Number of protein chains: 2
Amino acid sequence: MDDLGQADRAEPEDTRVRAARIQDVARLADVSTATVSRALATPERVSPEARARVLEAIAKTGYVPNPAARSLRSQKTFMVLVVLPDLSNTFFSKILRGIEETLFEAGYGMIISDLDGSPEKEAHFAAFTAAGRVDGAILLNGHLFGQSREGEGQPARIGIPLVALCEAIPGADIPQIEIDNRASASRMTRHLASLGHRRIAYVSGPANNILERERFLGFKDGLEAAGLPFDPALVIPGDYTIESGVAAGQGLVARNTRPTAVFCTSDEMAIGLMRTLLSAGLRVPQDISVAGFDDIEFAAVAEPSLTTIHQPRRELGQAAATVLIDLLQGRPTPKQIRLGTELVIRDSVAPPG
Amino acid sequence: MDDLGQADRAEPEDTRVRAARIQDVARLADVSTATVSRALATPERVSPEARARVLEAIAKTGYVPNPAARSLRSQKTFMVLVVLPDLSNTFFSKILRGIEETLFEAGYGMIISDLDGSPEKEAHFAAFTAAGRVDGAILLNGHLFGQSREGEGQPARIGIPLVALCEAIPGADIPQIEIDNRASASRMTRHLASLGHRRIAYVSGPANNILERERFLGFKDGLEAAGLPFDPALVIPGDYTIESGVAAGQGLVARNTRPTAVFCTSDEMAIGLMRTLLSAGLRVPQDISVAGFDDIEFAAVAEPSLTTIHQPRRELGQAAATVLIDLLQGRPTPKQIRLGTELVIRDSVAPPG
DNA sequence: AAGTTGCATGTAATCGATTACATAGGGTTG
DNA sequence: CAACCCTATGTAATCGATTACATGCAACTT
């Protein structure tokens, strides 16, 4: 019966080669499939001789375990979902790299979901995770799946480990990996003030964004620490994109009394804003200082080079992946990790003229 | 026996909720599992009444098919691997977005592999695909898995559909999605020549890179078309990164006779190079013109704004994903797609001073 | 009315691994 | 030497879907 079964499928003269199965390895090594499986998963539980024969057979057949079968039985996928709001944003790419390399070393693959502000996409990926296609997820988008719907702090329960990266998720009982946005924004504001700036404008992120809220608080902290009044007229709405920086710049150019310094809460906005100021004939930093936030690659080669807050993006990604893997493997994890930032002083900020 | 089997696993008072299985749906809808499966896969083969009951049961249970089980049986994963040389490179992010959105609409997920120049990572992902974790792959890295080893045009045979994006893979019998690099480079060269530039430097990509080879041929085509001689002394090595642009700029600054225009084969190099020239007190474009290639987001807001070749990055990604999906679903596909580029004229290029 | 066709559905084999349980054999202990 | 334990290994159930094959029934043909 066994032989018949084997013979049945033994038609290798067919056109294409079928991938080797665990049975093929077992037969070649003259052991059972259980031993093959054990030789790979728990080598210490298999005799050295058997192990050697199995490894040889694996090398000979080029056997690679079928992940679908493995996952079906063990309920593990060795896949992690990374949810982000905008894949084409420069800021995320280095973070992704940090995530990817850490996951890779631990044997996990990375599936990316670019939500792009679409609730249906979000619903799809919620179902996706619920269906057990991934073992865990890293959320860069600032909220849990379906949190908008459910109100409260009780969103659709996803039964897998989650980690929030960069954008902390208020009320969610999951590890948060982030920088201290408030302190960093305060730091930059104080730096500007310490150079003598008294009228400092603030180009914001999107309303309701958690980063924006923190940075805005930090901005006000900084003003207060420097003994400067807060003037709402100096708050310019933005959304972290180059385009919104350009728009903010146009608004500034049109004013008759201008601030002497502008603190943009992303480098992309700062670069877009500088561009607009320069085109209008203003000089940076002589006429107006511009500061950014993030320290993306282009900050150092902008003209003038950009004074900004450095975020350790790669390390943020690595930390998030590490925490998630610890969660997945049942190790204890911290509830919160805060990585330090640095004030990077370049040429776009100077004392007021 | 059936009942016993059911009773066996019916311990729902346990702590966590188990995901609904096809059996749960079948029982609730009072049909067999086969009918549930058919109601989803081939609705026309199920009576309207049964279908309605199944759909209702699915809604009630929140059933989502287990992908591991489905994939084990049907040998399909609905996952696509995207292989790229450097995830943190700005150039790729918009392409990725084009790929992701197209795959998503067709019901496919995207797994990303950042090779980072590591042969072992490449080997890992070759095994990964061979193990059937993905249905197909989009290669942005210019060669097939293991092509370096095997020599010739006969690399380790991966039994799944592949598509090459941006970097054509010579000798590989797979669809290629790309722009006409040679014609585009020629176009830019002729543009510079037409403004009166006679000494045009060329900052190259990495040696042996297929894009580099094509663009270099285009550069020489352009010179020839304009009746200009080719001078090897005006070829400056680069590797598409900002840093190599900076280095190229330093080399230029140190020369006593300089070209009047520099054609950089990536925007990142052009921006790094401009930065260095400006820091050295040279004016762009008055003293020296600088042109780029790619038209990344920052090209328009660089100072001065960058004259470059626009690549339709999102559309490239979409086209590659579309072709791959067609391949996966057995539809006929073109062997090659070439998307058009555009010469974008901005401020970094002017007639020689 | 008997035979044929086709639709809707159910039964059970199957995909390929993991792992609970069973077992054989060697070693240790009293 | 009997009782016991431990190690290495095998047997077979199991994960949850898909799908080949079987079946029952209604409608149609001659």
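Per chain, numbering begins at 1; letters A, B, ... match sequence-line order. Only a predicted model underlies this, so the values are computations on that prediction, with no experimental measurement involved. Below, each value reflects all heavy atoms present in this structure, side chains not excepted, and no hydrogens, waters or symmetry copies.
- In this entry the distance linking CZ of A:Arg21 with P of C:dC15 reads 7 Å, nearest Å.
- With rounding to the nearest 0.5 Å, the separation of CG in B:Leu72 from CG in B:Asn66 is 9.5 Å.
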Practice prompt. Spell out protein contact along nucleotides 6-11 of chain C as letters: B when the base is contacted, S when just the sugar-phosphate is, - when no protein heavy atom is under 4.0 Å; keep the 5' to 3' order.
Written response: --SBBB
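- In this structure, the CG atom of B:Leu72 is 17 Å from the P atom of D:dT14, given to the nearest Å.
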Item to complete: Before giving the answer on salt bridge (Lys or Arg N to Asp or Glu O under 4.0 Å), spell out for A:Lys121 and B:Glu100 the whole-Å C-alpha distance, their side-chain angles and the decisive distance to 0.1 Å.
Response: CA-CA 11 Å; A:Lys121 249 183 133 164; B:Glu100 207 266 353; 2.6 Å; yes
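- For the 3.5 Å distance criterion, the side chains of A:Asp135 and A:Thr77 qualify, holding a donor opposite an acceptor.
- Following rounding to the nearest Å, B:Gln23 (CD) and D:dG16 (C1') show an atom-to-atom distance of 9 Å.
- Summarising the geometry, atom CG belonging to B:Leu87 is positioned 11.0 Å from atom CD1 belonging to A:Ile95; distances are rounded to the nearest 0.5 Å.
- Between the CG atom of B:Asn66 and the P atom of D:dT14 there is a distance of 17 Å, rounded to whole Å.
- Comparing D:dT18, C:dC15, D:dT14 by their nearest atom to the side chain of B:Arg70 picks out D:dT18.
- Under the 3.5 Å distance criterion, the side-chain polar atoms of B:Arg51 are matched with a main-chain donor or acceptor of B:Val46.
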Item to complete: Could you walk me through whether A:Val31 and A:Arg53 pass side-chain contact (heavy atoms from CB on, under 4.5 Å), step by step?
Response: CA-CA 9 Å; A:Val31 294; A:Arg53 289 208 311 281; 3.4 Å; yes
Discussion item. Let's go through B:Thr33 and B:Gln23 carefully: what are the C-alpha distance in whole Å and the side-chain angles of both, what is the deciding distance for side-chain contact (heavy atoms from CB on, under 4.5 Å) to 0.1 Å, and is it a yes or a no?
Written reply: CA-CA 6 Å; B:Thr33 60; B:Gln23 284 223 13; 3.9 Å; yes
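- Rounded to whole Å, the distance from CG on B:Asp24 to P on D:dG16 is 9 Å.
- As a whole-Å value, the separation of A:Ile22 CD1 from D:dA12 P is 17 Å.
- To the nearest 0.5 Å, atom OG of residue A:Ser118 and atom CZ of residue B:Phe104 are 6.0 Å apart.
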Write out a two-atom table: protein N or O, nucleotide N or O from nucleotides 23-28 of chain D, distance below 3.5 Å.
none

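- For C:dA17, one of the phosphate oxygens OP1 or OP2 lies less than 4.0 angstrom from a side-chain nitrogen or oxygen of A:Tyr63.
- Rounded to the nearest 0.5 angstrom, B:Leu162 CG and B:Ile138 CD1 are separated by 10.0 Å.
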Worksheet entry | Chi angles and distances behind the side-chain contact (heavy atoms from CB on, under 4.5 Å) call for A:Ile325, A:Leu103 | CA-CA 8 Å; A:Ile325 292 165; A:Leu103 289 179; 4.0 Å; yes
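- Atom CZ of A:Arg27 is separated from atom C1' of D:dG10 by 16 Å (rounded to the nearest Å).
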Fill in: Test salt bridge (Lys or Arg N to Asp or Glu O under 4.0 Å) applied to A:Asp30 and A:Arg27, step by step
CA-CA 5 Å; A:Asp30 198 29; A:Arg27 209 174 322 136; over 6 Å; no
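- Atom P of nucleotide D:dC15 and atom CZ of A:Arg133 are separated by 21 Å, given to the nearest angstrom.
- The bend of the helix from C:dA1-D:dT30 to C:dG30-D:dC1, defined by the angle between the axes of its first five and last five pairs, stands at 40° to the nearest 10°.
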